[in-house]
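Report on one structure; see the data block that follows.
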Amino acid sequence: MGIVEPLLLWYGKNKRDLPWRHNCTPYRVWVSEIMLQQTRVEAVKNYFVRFLQAAPDIPSLADLPEEKLLKLWEGLGYYSRVRNLQKAAKLLVSRYGGQMPASYAQLLELPGVGSYTAGAVASIAFGLPCPAVDGNVLRVWMRLTADGADIADPHTKRQTEAALRPLMPVGRCGDFTQALIELGALVCVPNATPKCAVCPLADFCKAHRQKEEQCYPVKKPKPPRRVEQRTILLLEQAGRIALRKRPAKGLLASLWELPGFDGTLSQEQAIAAVRSLGLEPVRLQPLAPAKHIFTHVEWHMTGWQVQLAPLPDTHRLVWATEQELRERYSLPSAFRPFLQKFLQT
DNA sequence: AACGCGGGGCT
DNA sequence: AGCCCAGCGTT
């Protein structure tokens, strides 16, 4: 007796009603899987619905202007995902007639698609017997087998894929993939508090039998974040705010930002910074400090609100109205504290 | 193998 | 404050 039957039975009764579980075409499954990478279901739901309205199929995604694309992704994070998504869409149009290929190996070739996503699309959208091992599945499997291997080690993921492959139930591969993930999300949850009392696999679970659920999964600790001091300028001119385009590579690539400088600038230094942008300040007022935590870096930000003398030279800045800030330019969440008074929505 | 890449919710 | 999340690409 194996885990497959009780797991599928449990899934049938307990699966959540999610937007991408309706009309689950390969394209919709693919987009949802990209959005869900390192991102919680609740955060994705609304983005997914809005994205599918703006780009209902692969050709329309391929044709979307970059600015619209980034605006649709604004606030979701890991922005290279959406760039790779469109890159792949263009490739699908040119190579596969605008269709998703129905093979694991071909899916894996698409930019932004790794072993997990290829397995998820292959099994969920095409019914192929390909395992899809994400953080949920790793946690479930390590507990089920009481395996103390480091889940951050790629080898552990490959081993888990190998162990699951022969279990893929013909005809229900997509349900099996989603059931494992759903179990990890709803029952075999992280933070050492799995709900074993309602788990359909409790009888099969080695960690549970040993009363050692809390010991799994094992993961090597991450290195500490570095802290960066930044000074942000809220440059105002005739009711507009200055924005600057970030570089195409690196952190928050190609998004817009409030102009900023390394370090914590005094008022005198801030005046010099404003002048370095080719602008002439009339008055500076300090803004409330704000902190923003990324995965690998922490920004400690101070800010100056700056009224400017009228000047024609915009010097690589754009001047955005409140409406443009809301509807056109894509800004990272890090700057939101400094824009509250302009974006009181 | 290690690192860069967002943002938010939970403990 | 730290952990984790339907991970992937680069070096």
Side-chain angles (χ1 to χ4, degrees), chain A residues 15-16 18-21 24 28-48 70 73-85 87-88 107-125 131-140 150-158 161 174 177-186 188-193 214 217-227 246-255 257 291-299 330-337:
Chain A
K15 65 178 175 185
R16 290 168 289 181
L18 302 173
W20 46 91
R21 286 184 177 161
C24 46
R28 288 169 60 88
V29 172
W30 172 44
V31 171
S32 72
E33 292 299 341
I34 298 298
M35 283 190 173
L36 287 161
Q37 288 169 5
Q38 296 291 288
T39 310
R40 292 170 184 281
V41 165
E42 286 308 314
V44 166
K45 280 182 180 175
N46 293 338
Y47 281 92
F48 177 81
L70 286 174
W73 213 266
E74 180 183 38
L76 200 52
Y78 286 152
Y79 299 92
S80 67
R81 291 186 292 177
V82 72
R83 249 187 298 280
N84 281 331
L85 196 65
K87 199 170 164 186
L107 290 166
L108 196 55
E109 291 177 12
L110 300 174
V113 175
S115 60
Y116 164 74
T117 305
V121 175
S123 62
I124 298 170
V133 176
D134 72 336
N136 288 307
V137 176
L138 273 174
R139 183 172 58 254
V140 169
D150 178 8
I151 61 168
D153 185 344
H155 182 252
T156 306
K157 186 166 150 180
R158 286 194 295 272
E161 289 166 351
T177 288
Q178 296 188 79
L180 275 174
I181 295 167
E182 195 83 336
L183 189 73
L186 299 181
C188 197
V189 294
N191 301 325
T193 56
Q214 303 86 344
V218 173
K219 189 174 185 181
K220 188 172 41 178
K222 293 178 186 174
R225 277 189 295 270
R226 68 179 185 276
V227 176
R246 291 181 60 83
K249 290 182 182 292
L251 184 67
L252 305 170
S254 297
L255 274 70
E257 65 176 355
K291 181 164 70 172
H292 190 83
I293 300 173
F294 300 95
T295 305
H296 293 288
V297 63
E298 202 169 311
W299 279 357
S330 184
L331 258 77
S333 299
F335 300 101
R336 194 141 51 217

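None of these values were measured; they are calculated from a predicted model. For the numbers below, each heavy atom of this structure counts, side chains included, while hydrogens, waters and symmetry mates do not. Naming convention: chains lettered A, B, ... in sequence-line order (proteins, then strands); numbering from 1 in each chain.
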**Request:** Using a 4.0 Å heavy-atom cut-off across all strands, classify Ile34(A) as base, sugar-phosphate, or nothing.
**Result:** nothing
**Message:** Side chains of Glu33(A) and Tyr116(A) only: does a donor on one sit below 3.5 Å from an acceptor on the other?
**Reply:** yes
**Item:** Nearest atoms (heavy-atom pairs only) where Ile293(A) meets Arg225(A)
**Value:** CG2-CZ, 3.4 Å
**Prompt:** Between Lys157(A) and dC8(C), does any side-chain N or O lie under 4.0 Å from OP1 or OP2?
**Reply:** yes
**Prompt:** If you look at every strand shown and take non-hydrogen atoms under 4.0 Å, does Arg83(A) touch a base, only sugar-phosphate, or nothing?
**Reply:** nothing
**Request:** Identify which nucleotide among dG7(C), dC4(C), dA6(C) has an atom closest to any side-chain atom of Lys219(A), counting heavy atoms from C-beta outward.
**Result:** dC4(C)
**Asked** Where each residue is assigned the nucleotide of DNA chain C containing its nearest heavy atom, which of Ser80(A) and Pro190(A) is assigned the position nearer the 5′ end?
**Response** Pro190(A)
**Message:** In whole Å, measure the gap between the C1' atoms of dG7(B) and dT10(C) for me.
**Reply:** 22 Å
**Message:** What is the distance, to the nearest angstrom, from the CH2 atom on Trp73(A) to the C1' atom on dG7(B)?
**Reply:** 13 Å
**Request:** Please find out if less than 6.0 Å separates the ring center of His296(A) from that of Phe294(A).
**Result:** no
**Request:** In whole angstrom, give me the gap between the P atoms of dG9(C) and dG8(B).
**Result:** 24 Å
**Message:** Within the 4.0 Å heavy-atom criterion, would you say Arg21(A) contacts the bases, only the backbone, or no part of the nucleic acid?
**Reply:** base
**Message:** Side chain of Lys291(A) only, heavy atoms from C-beta on: which candidate in dA1(C), dC5(B), dG7(C) is closest?
**Reply:** dA1(C)
**Request:** May I ask you to decide whether Glu257(A) forms a salt bridge with Arg246(A), counting only side-chain N to carboxylate O separations under 4.0 Å?
**Result:** yes
**Request:** Select one nucleotide: of dG9(C), dC5(B), dA6(C), the one nearest the side-chain heavy atoms of Val41(A).
**Result:** dA6(C)
**Rounded interatomic separation in angstrom, taking CD1 from Ile293(A) and C1' from dC5(B)** = 16 Å
**Request:** Mark yes or no for whether Thr39(A), through its side chain, and Gln37(A), through its backbone, hold a donor-acceptor pair below 3.5 Å.
**Result:** yes
**Message:** With rounding to the closest Å, how many angstrom separate the P atoms on dC3(B) and dA6(C)?
**Reply:** 24 Å
**Request:** Take Asn191(A) and Ala253(A), find for each the nucleotide of DNA chain B with the closest heavy atom, and name the residue whose nucleotide sits nearer the 5' end.
**Result:** Ala253(A)
**Request:** State whether the distance check finds a donor on one side and an acceptor on the other, under 3.5 Å, for side chain Arg81(A) versus base dC5(B).
**Result:** no
**Asked** Gln38(A) side chain N/O closer than 4.0 Å to the phosphate oxygens (OP1, OP2) of dG7(C)?
**Response** yes
**Asked** dG4(B) P sits how many Å from Glu298(A) CD, rounded?
**Response** 15 Å
**Message:** Regarding Ser115(A), tell me which of base, sugar-phosphate or nothing describes its non-hydrogen contacts under 4.0 Å with the strands shown.
**Reply:** sugar-phosphate
**Prompt:** Taking CG from Leu85(A) and P from dC5(B), how many angstroms apart are they, rounded to a whole number?
**Reply:** 20 Å
**Request:** Report which part of the nucleic acid Trp20(A) touches: base, sugar-phosphate, or nothing (heavy-atom distance under 4.0 Å, all strands).
**Result:** base
**Asked** How close or far is atom P of dG4(B) from atom NZ of Lys249(A), stated in whole angstroms?
**Response** 16 Å
**Item:** Integer-rounded Å distance: dC3(C) P and Phe294(A) CZ
**Value:** 19 Å
**Message:** What's Leu251(A) touching, base or sugar-phosphate or nothing? Going by heavy atoms closer than 4.0 Å.
**Reply:** sugar-phosphate
**Message:** Keeping Arg83(A) on the side-chain end and Ala253(A) on the backbone end, is there a donor-acceptor pair under 3.5 Å?
**Reply:** yes
**Prompt:** Please give, in whole Å, the distance from dC4(C) C1' to His296(A) NE2?
**Reply:** 13 Å
**Request:** Examine the base of dG6(B) for any acceptor or donor lying under 3.5 Å from a partner atom in the side chain of Thr39(A), and report the outcome as yes or no.
**Result:** yes
**Request:** Please test Leu255(A) against Leu331(A) for side chain to side chain contact (heavy atoms under 4.5 Å, CB included), starting from the C-alpha separation and ending with a verdict.
**Result:** CA-CA 6 Å; Leu255(A) 274 70; Leu331(A) 258 77; over 6 Å; no
**Request:** Write down the distance between CE (Met35(A)) and C1' (dA6(C)), rounded to a whole number of angstrom.
**Result:** 13 Å
**Request:** Would you please confirm or rule out a distance under 4.0 Å between OP1 or OP2 of dA6(C) and any side-chain N or O of Thr177(A)?
**Result:** no
**Request:** Select from His155(A) and Gln37(A) the residue whose nearest nucleotide in DNA chain B is closer to the 5' end of that strand.
**Result:** His155(A)
